[in-house]
Trainee: 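Starting off with a structure, shown below.
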Amino acid sequence: MTSTAAPTRVCFQLQVEPDLLDEYIARHTPVWPEMLEEIAASGRRNYSLFLGEGGRLIGYYETDDDAAAQAYLAASPIAAKWEAEMARFFVGLAGRPDQAATPLTEVFNLSAQLDAARAATTTEESTAS
(Lines give C-alpha, C1' and ligand atoms only; values in the text may rest on other atoms or scores of the structure.)
Protein backbone atom coordinates (compact mmCIF):
# COMPACT_ATOMS: atom_id res chain seq x y z
CA MET A 1 0.00 0.00 0.00
CA THR A 2 2.20 2.81 -1.21
CA SER A 3 1.23 6.12 -2.73
CA THR A 4 2.78 9.34 -3.95
CA ALA A 5 0.37 11.32 -1.74
CA ALA A 6 1.51 12.37 1.70
CA PRO A 7 0.81 9.63 4.22
CA THR A 8 -1.77 10.00 6.93
CA ARG A 9 -0.07 10.46 10.29
CA VAL A 10 -2.00 8.85 13.13
CA CYS A 11 -1.29 9.48 16.79
CA PHE A 12 -3.27 7.93 19.62
CA GLN A 13 -3.32 7.69 23.37
CA LEU A 14 -4.05 4.80 25.71
CA GLN A 15 -3.63 4.35 29.45
CA VAL A 16 -1.71 1.29 30.62
CA GLU A 17 -2.61 -0.05 34.05
CA PRO A 18 0.31 1.21 36.22
CA ASP A 19 0.62 -2.11 38.08
CA LEU A 20 1.13 -3.90 34.74
CA LEU A 21 3.76 -1.62 33.19
CA ASP A 22 6.68 -4.02 33.52
CA GLU A 23 4.69 -6.86 31.96
CA TYR A 24 3.40 -4.58 29.19
CA ILE A 25 6.96 -3.57 28.30
CA ALA A 26 8.10 -7.20 28.40
CA ARG A 27 5.28 -8.19 26.01
CA HIS A 28 6.61 -5.66 23.51
CA THR A 29 10.23 -6.78 23.81
CA PRO A 30 9.77 -8.22 21.24
CA VAL A 31 6.27 -8.31 19.76
CA TRP A 32 5.33 -11.61 18.11
CA PRO A 33 6.96 -11.77 14.65
CA GLU A 34 3.63 -12.73 13.04
CA MET A 35 1.98 -9.66 14.60
CA LEU A 36 4.77 -7.43 13.29
CA GLU A 37 4.12 -8.86 9.82
CA GLU A 38 0.38 -8.19 10.13
CA ILE A 39 0.99 -4.57 11.12
CA ALA A 40 3.24 -4.12 8.10
CA ALA A 41 0.79 -5.93 5.80
CA SER A 42 -2.00 -3.61 6.96
CA GLY A 43 -0.11 -0.67 5.51
CA ARG A 44 1.01 0.86 8.78
CA ARG A 45 4.63 1.95 8.88
CA ASN A 46 6.93 4.10 10.96
CA TYR A 47 4.98 2.76 13.96
CA SER A 48 6.19 3.65 17.45
CA LEU A 49 4.86 3.47 21.00
CA PHE A 50 6.03 5.86 23.71
CA LEU A 51 5.37 5.22 27.38
CA GLY A 52 5.03 8.19 29.71
CA GLU A 53 4.77 8.56 33.44
CA GLY A 54 1.93 6.72 35.14
CA GLY A 55 1.30 4.45 32.16
CA ARG A 56 0.35 7.09 29.57
CA LEU A 57 0.98 5.45 26.20
CA ILE A 58 1.28 7.45 22.99
CA GLY A 59 1.35 5.64 19.67
CA TYR A 60 2.23 6.95 16.23
CA TYR A 61 2.17 5.46 12.75
CA GLU A 62 1.85 6.48 9.14
CA THR A 63 -0.36 4.90 6.50
CA ASP A 64 -1.72 5.64 3.06
CA ASP A 65 -5.24 4.50 4.01
CA ASP A 66 -6.05 4.31 7.72
CA ALA A 67 -9.54 2.91 7.18
CA ALA A 68 -8.10 0.06 5.10
CA ALA A 69 -5.37 -0.58 7.70
CA GLN A 70 -7.99 -0.66 10.48
CA ALA A 71 -10.19 -3.04 8.47
CA TYR A 72 -7.26 -5.33 7.67
CA LEU A 73 -6.28 -5.63 11.33
CA ALA A 74 -9.90 -5.97 12.48
CA ALA A 75 -10.23 -9.02 10.19
CA SER A 76 -6.87 -10.55 11.11
CA PRO A 77 -7.01 -13.61 13.40
CA ILE A 78 -3.42 -12.90 14.48
CA ALA A 79 -4.24 -9.29 15.43
CA ALA A 80 -7.44 -10.43 17.19
CA LYS A 81 -5.42 -12.86 19.32
CA TRP A 82 -2.74 -10.24 20.10
CA GLU A 83 -5.31 -7.57 20.98
CA ALA A 84 -7.28 -10.00 23.16
CA GLU A 85 -4.13 -10.66 25.15
CA MET A 86 -3.27 -6.95 25.35
CA ALA A 87 -6.75 -5.70 26.37
CA ARG A 88 -6.22 -6.38 30.08
CA PHE A 89 -3.31 -3.92 30.18
CA PHE A 90 -5.47 -0.87 29.43
CA VAL A 91 -7.58 1.30 31.71
CA GLY A 92 -11.07 2.39 30.65
CA LEU A 93 -11.00 0.85 27.21
CA ALA A 94 -14.09 -0.62 25.57
CA GLY A 95 -13.15 -2.99 22.77
CA ARG A 96 -9.91 -3.98 21.13
CA PRO A 97 -7.02 -1.61 21.86
CA ASP A 98 -6.12 -1.31 18.18
CA GLN A 99 -9.69 -0.29 17.33
CA ALA A 100 -10.66 1.78 20.39
CA ALA A 101 -7.63 3.99 21.10
CA THR A 102 -8.29 7.71 21.49
CA PRO A 103 -6.95 9.51 18.40
CA LEU A 104 -5.11 12.77 18.92
CA THR A 105 -5.50 15.82 16.66
CA GLU A 106 -2.37 16.96 14.87
CA VAL A 107 -1.89 20.70 15.34
CA PHE A 108 1.62 21.11 13.92
CA ASN A 109 3.81 19.30 11.41
CA LEU A 110 7.19 20.77 10.54
CA SER A 111 7.42 19.26 7.07
CA ALA A 112 3.94 20.36 6.03
CA GLN A 113 4.48 23.92 7.26
CA LEU A 114 7.92 24.18 5.66
CA ASP A 115 6.49 22.97 2.35
CA ALA A 116 3.66 25.53 2.55
CA ALA A 117 6.04 28.37 3.47
CA ARG A 118 8.42 27.45 0.64
CA ALA A 119 5.55 27.23 -1.84
CA ALA A 120 4.29 30.66 -0.75
CA THR A 121 7.78 32.13 -1.11
CA THR A 122 8.14 30.61 -4.60
CA THR A 123 4.71 32.00 -5.61
CA GLU A 124 5.63 35.48 -4.27
CA GLU A 125 8.93 35.42 -6.16
CA SER A 126 7.20 34.34 -9.38
CA THR A 127 4.63 37.14 -9.21
CA ALA A 128 7.28 39.75 -8.34
CA SER A 129 9.30 38.92 -11.47
Side-chain angles (χ1 to χ4, degrees):
M1 293 185 192
T2 58
S3 168
T4 57
T8 299
R9 293 178 297 273
V10 178
C11 187
F12 60 89
Q13 179 173 332
L14 292 165
Q15 180 65 42
V16 177
E17 177 63 52
D19 293 344
L20 299 176
L21 287 174
D22 290 340
E23 185 180 353
Y24 181 82
I25 293 166
R27 296 293 297 272
H28 285 79
T29 314
V31 169
W32 304 339
E34 60 272 23
M35 185 59 198
L36 298 173
E37 293 297 331
E38 284 294 83
I39 293 168
S42 78
R44 290 181 179 180
R45 60 188 178 277
N46 209 12
Y47 197 151
S48 297
L49 295 174
F50 301 88
L51 190 57
E53 192 161 331
R56 182 172 54 125
L57 185 76
I58 302 295
Y60 173 86
Y61 61 88
E62 296 170 355
T63 184
D64 295 325
D65 185 342
D66 195 37
Q70 289 273 19
Y72 180 93
L73 291 170
S76 164
I78 294 167
K81 183 177 177 184
W82 173 264
E83 296 300 335
E85 291 195 21
M86 292 295 106
R88 71 182 185 87
F89 290 97
F90 299 103
V91 176
L93 192 65
R96 282 176 45 167
D98 67 332
Q99 305 290 312
T102 302
L104 302 175
T105 302
E106 183 177 41
V107 296
F108 170 78
N109 178 271
L110 176 62
S111 181
Q113 287 199 22
L114 279 173
D115 290 347
R118 289 174 181 150
T121 300
T122 302
T123 301
E124 289 172 9
E125 290 172 354
S126 294
T127 58
S129 301

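Atoms considered below: every heavy atom in the structure, side chains included; atoms not considered: hydrogens, waters and symmetry mates.
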Trainee: Can you find a heavy atom in the side chain of F50 that is under 4.5 Å from one in the side chain of R56?
Mentor: no

Trainee: Residues two or more places apart in sequence or in another chain: which of them pass side-chain hydrogen bond (donor to acceptor under 3.5 Å, both in side chains) with D115?
Mentor: none

Trainee: Excluding sequence neighbours, so at least two apart, what forms side-chain contact (heavy atoms from CB on, under 4.5 Å) with L104?
Mentor: C11, Q13, I58

Trainee: Which residues satisfy the salt bridge (Lys or Arg N to Asp or Glu O under 4.0 Å) test with E17, sequence neighbours excluded?
Mentor: none

Trainee: Are V31 and L14 connected in a single hydrophobic cluster, I mean Ile/Leu/Val/Met/Phe/Trp/Tyr linked by side-chain heavy atoms less than 4.5 Å apart?
Mentor: yes

Trainee: Using the side-chain hydrogen bond (donor to acceptor under 3.5 Å, both in side chains) criterion, which residues pair with Q70? Sequence neighbours excluded.
Mentor: Q99

Trainee: Suppose the criterion is salt bridge (charged side-chain N to carboxylate O under 4.0 Å, His left out): which pairs have a residue in residues 24-35, not counting sequence neighbours?
Mentor: R27-E85

Trainee: Could you list all the ring-ring contact (aromatic ring centres under 6.0 Å, His included) pairs where at least one residue sits in residues 73-98, not counting sequence neighbours?
Mentor: Y24-F89, Y24-F90, H28-W82, W32-W82

Trainee: Listed by chain and number, what are the side-chain hydrogen bond (donor to acceptor under 3.5 Å, both in side chains) partners of Y47, not counting sequence neighbours?
Mentor: none

Trainee: Does M35 reach the side chain of M86, with side-chain heavy atoms less than 4.5 Å apart?
Mentor: no

Trainee: Which heavy atom in A75 sits nearest to a heavy atom in P77, and how many Å separate them?
Mentor: O-CD, 3.3 Å

Trainee: Taking ring-ring contact (aromatic ring centres under 6.0 Å, His included) as the cut-off, I'd like each qualifying pair that reaches into residues 96-126, sequence neighbours left out, listed once.
Mentor: none

Trainee: Please identify each residue that fulfils ring-ring contact (aromatic ring centres under 6.0 Å, His included) with F12, with sequence neighbours left out.
Mentor: none

Trainee: V16 pairs by side-chain contact (heavy atoms from CB on, under 4.5 Å) with which of V91, L49, L21?
Mentor: L21

Trainee: What is the minimum heavy-atom distance between A87 and P97, and which atoms define it?
Mentor: CA-CG, 3.9 Å

Trainee: How would you list all residue pairs meeting salt bridge (charged side-chain N to carboxylate O under 4.0 Å, His left out) that involve residues 97-110, not counting sequence neighbours?
Mentor: R9-E106, R96-D98

Trainee: State, to 0.1 Å, how close T29 and I25 come at their nearest heavy-atom pair, and which atoms those are.
Mentor: OG1-O, 2.7 Å

Trainee: Short question: side chain of T63, backbone of G43 - any donor-acceptor pair under 3.5 Å?
Mentor: yes

Trainee: Could you tell me which residues satisfy side-chain contact (heavy atoms from CB on, under 4.5 Å) with T102, sequence neighbours excluded, listed by chain and number?
Mentor: none

Trainee: So does D64 pair up with R45, basic N to acidic O under 4.0 Å?
Mentor: yes

Trainee: Any heavy-atom pair between the side chains of D22 and L20 that's under 4.5 Å?
Mentor: no

Trainee: At what distance, to the nearest 0.5 angstrom, does CZ of R44 lie from CD1 of I39?
Mentor: 7.5 Å

Trainee: If you take all heavy atoms of Q15 and G55, which pair is closest and at what distance?
Mentor: NE2-C, 3.4 Å

Trainee: Not counting sequence neighbours, which residues clear side-chain hydrogen bond (donor to acceptor under 3.5 Å, both in side chains) with E37? List them please.
Mentor: none

